[in-house]
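Note sheet for the following structure.
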There are 2 protein chains.
Amino acid sequence: MDPDEARSGEAAGLQPVAAGTGRPAAGTAGSKRHIPPASLARLTIYLRALSVMLTDGIERVSSEELAEAAGVNSPMLRKDLSYLGSYGTRGVGYDVSYLSGQISAALGLTLNWRVAIVGAGNLGRALAGYPGFGTRGFEVVALFDADQTMIGQEVGGLKIRPVSALEAELEKTEANMAVLSVPAEVAQELCDRLVASGITSILSFAPVVLQAPKNVQIRKVDMATELQILAYHAQRAQVSEIASDARARLAR
Amino acid sequence: MDPDEARSGEAAGLQPVAAGTGRPAAGTAGSKRHIPPASLARLTIYLRALSVMLTDGIERVSSEELAEAAGVNSPMLRKDLSYLGSYGTRGVGYDVSYLSGQISAALGLTLNWRVAIVGAGNLGRALAGYPGFGTRGFEVVALFDADQTMIGQEVGGLKIRPVSALEAELEKTEANMAVLSVPAEVAQELCDRLVASGITSILSFAPVVLQAPKNVQIRKVDMATELQILAYHAQRAQVSEIASDARARLAR
DNA sequence: AAATGTGAAAGATTTCACAGCG
DNA sequence: CGCTGTGAAATCTTTCACATTT
């Protein structure tokens with residue numbers, strides 16, 4: 001799913017980097033080989049759990065405790081962290097603040113991410129006002145909508161701009177990420193315009209499969225999909241309940 | 001989003017589910033052995049692509065075409081469908097309408113899903129008004145909020161109810177699924193109340209790990225996680241670009 | 001003594017190639 | 001002949017056990 005090598009960064013010397021597929025042995029600090037996608041998703045959860053601990057004034061945590069807080073088991077947590085480096089102390093645990101910093105750095109959250117939100121309906125507004133963004137290196141720098149009546153309204157300290165000015169505003173605000181919260185019908189068209197403007201990271205809430213060059217990373221969040229998956233499990237639970245009722249009856 | 005399928009795929013880690021190597025015992029439609037989670041997520045995408053085709057009056061489709069529309073490769077699509085049964089015609093392809101019906105049945109979408117939305121902020125309202133729900137077996141039957149000033153407001157034909165009446169309304173409306181679109185601080189408490197009321201399928205947008213009995217299915221959608229994953233990839237792309245620039249300079 | 005970090009085994013998922021059927 | 005359906009191989013992920021370090 002994803003090519004390429006190292007990154008710049010800081011801190012933490014590290015091993016010669018497993019030879020693997022003839023990758024250049026990483027430079028000085030931080031730069032690791034790639035993090036498995038499954039692991040990556042969990043690292044963001046650890047990060048949040050660590051933030052809460054930091055707020056609560058907790059300074060040290062064991063893999064067992066952090067795993068518990070993140071809803072995974074501890075070997076998995078340790079394996080995930082091992083993709084980044086060795087940031088714990090044997091017999092002791094992890095320093096909450098330090099580990100938090102290391103994960104942030106590995107995920108690239110120390111860079112300046114400037115997000116444009118395209119579509120200022122309820123979803124777009126919810127996103128624009130979402131506190132979770134601002135607090136972790138993401139700054140919402142522009143908000144667009146096609147609806148004339150919305151233009152100029154302020155949401156979360158940001159004026160809604162006309163989508164006709166998309167390209168100009170993207171450039172002016174130096175956005176480097178975009179969120180698509182528009183109806184399915186226009187999502188591909190807007191995606192194309194974002195890509196043409198040089199955006200290579202897009203989070204889409206539109207229930208369509210977007211086509212884009214493969215240097216563009218697209219992630220999709222799909223509420224209907226999520227509910228359908230729940231429905232599948234619920235249905236099975238129902239069926240097996242009925243089945244076990246039947247067994248219970250037969251057993252008498 | 002994964003895929004995630006599109007990449008929305010991963011995340012939402014649930015427990016192992018001891019497999020058991022049994023044959024899919026070809027019954028009629030519906031109750032097959034279990035569908036692998038990764039496959040399940042993609043099936044919902046196929047379903048949507050098929051709906052579009054149905055609307056467009058397309059009657060037949062090959063695995064190649066459907067895979068293309070869903071953004072996957074055709075062997076994968078065929079493998080996914082094979083978990084449900086053999087619904088195609090060799091040498092020909094699939095009947096759009098028939099396949100669509102079979103997938104719907106397998107996912108349990110022919111049952112009556114009644115969704116309660118807890119939290120009527122922008123996100124809750126966006127969900128209440130989301131057309132994708134109504135159109136596939138999901139009916140929003142209740143909408144709650146704790147904010148007094150919102151009580152009684154109408155959103156998408158539904159009056160907002162006080163969250164204090166949660167239990168009573170859940171029973172009255174016979175809701176069998178819930179969506180949590182509330183702040184992180186109160187998510188666990190509301191989750192507990194939902195579970196106590198007999199809800200066993202919950203979709204949460206709150207950025208916290210929810211604890212619940214394991215007969216309760218919880219899925220989590222987390223915007224911050226999604227952006228962080230994008231950031232990781234974008235950062236790597238940047239660095240490798242810089243690295244290759246450097247190599248280019250050195251090569252001269 | 002306690003808890004990390006990691007090879008190696010076990011388990012899932014994806015890819016592949018081609019047998020099988022219309 | 002064309003396209004589906006599926007075993008088997010390749011790859012990725014999770015689990016496990018324990019050597020290692022403080």
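We name chains A, B, ... by the order of the sequence lines, and we start the count at 1 in each one.
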**Report entry** Neighbour count >12 (heavy atoms, 6.0 Å) for atom CZ, A:R60
**Finding:**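 Incorrect, the count does not exceed 12.
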**Report entry** For B:A231, side-chain contact (heavy atoms from CB on, under 4.5 Å) partners two or more places apart
**Finding:**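 Partners of B:A231 under the side-chain contact (heavy atoms from CB on, under 4.5 Å) test: A:L109, A:W113, A:F138, A:M177.
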What is the distance, to the nearest angstrom, from the [atom1] atom on [X] to the [atom2] atom on [N]?
X: B:L77; N: D:dC3; atom1: CG; atom2: P; answer: 14 Å
X: A:I35; N: D:dT13; atom1: CD1; atom2: P; answer: 12 Å
X: B:L84; N: D:dT6; atom1: CG; atom2: P; answer: 11 Å
X: A:D95; N: D:dT22; atom1: CG; atom2: C1'; answer: 15 Å
X: B:D80; N: D:dG5; atom1: CG; atom2: P; answer: 12 Å

Quick one: is [N] close enough that its OP1 or OP2 comes under 4.0 Å of any side-chain N or O from [X]?
X: B:N73; N: C:dT15; answer: yes
X: B:Y94; N: D:dG5; answer: yes
X: A:R42; N: D:dT14; answer: yes
X: B:Y83; N: C:dA12; answer: no

Pairs under 3.5 angstrom only: tabulate donor-acceptor contacts from the side chains of residues 65-73 of chain B to other protein residues two or more places apart or in another chain.
unit_1 : atom_1 : unit_2 : atom_2 : d
B:E65  : OE1    : B:S62  : N      : 2.8
B:E65  : OE1    : B:S62  : OG     : 3.4
B:N73  : OD1    : B:M76  : N      : 3.3

Is there a donor-acceptor contact under 3.5 Å from the side chain of [X] to the main chain of [Y]?
X: B:N176; Y: B:S201; value: no
X: B:Q235; Y: A:L111; value: no
X: B:D95; Y: B:S97; value: yes

Query raised in the report: Do you know the tightest heavy-atom contact between A:C191 and A:Q211?
Result: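 For A:C191 versus A:Q211, the nearest heavy atoms are SG-O, 4.1 Å.
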**Report entry** Considering all heavy atoms, the nearest B:S100-B:L54 contact
**Finding:**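 Heavy atoms of B:S100 and B:L54 come nearest at OG-CD2, 4.5 Å.
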**Report entry** Along DNA chain C (nearest heavy atom to each residue), the more 5'-positioned of A:L81 and B:M76
**Finding:**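 Looking at the nearest nucleotide for each, A:L81 comes out on the 5' side.
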Query raised in the report: Does some side-chain heavy atom of A:E226 sit less than 4.5 Å from a side-chain heavy atom of B:F205?
Result: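 With C-beta onward as the side chain, the pair stays apart.
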Query - B:L230 side chain near A:Q217 side chain, heavy-atom distance below 4.5 Å - result: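 Side chain of B:L230 against side chain of A:Q217, heavy atoms only: contact under 4.5 Å found.
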Pull out every protein N or O sitting under 3.5 Å from an N or O of nucleotides 8-12 of chain D, one pair per line with the distance.
none

Query raised in the report: Is there a residue in residues 57-67 of chain A whose heavy atoms reach under 4.0 Å of DNA chain C, and which residues are they?
Result: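 Nucleic-acid contacts, sorted: A:S62, A:S63.
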So which protein N/O to nucleotides 19-22 of chain C N/O distances come out below 3.5 Å?
unit_1 : atom_1 : unit_2 : atom_2 : d
C:dG20 : N3     : B:R90  : NH1    : 3.1

Compile the donor-acceptor pairs under 3.5 Å between side chains in residues 36-53 of chain A and protein atoms, sequence neighbours left out, one pair per line.
unit_1 : atom_1 : unit_2 : atom_2 : d
A:S39  : OG     : A:D80  : OD1    : 2.6
A:R42  : NE     : A:D80  : OD2    : 2.7
A:R42  : NH2    : A:D80  : OD1    : 2.8
A:R42  : NH2    : A:D80  : OD2    : 3.4
A:T44  : OG1    : A:A41  : O      : 2.7
A:T44  : OG1    : B:T225 : OG1    : 2.9
A:Y46  : OH     : A:D80  : OD2    : 2.5
A:R48  : NE     : B:P207 : O      : 2.9
A:R48  : NH1    : B:D222 : OD2    : 3.2
A:R48  : NH2    : B:D222 : OD2    : 2.2
A:S51  : OG     : A:L47  : O      : 3.1
A:S51  : OG     : A:R136 : NH1    : 3.3

Requested in this report: Among the candidates D:dT4, D:dC18, D:dT14, find the nucleotide nearest to the side-chain atoms of B:R78.
Outcome: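 Taking heavy atoms from C-beta onward, the closest nucleotide is D:dT4.
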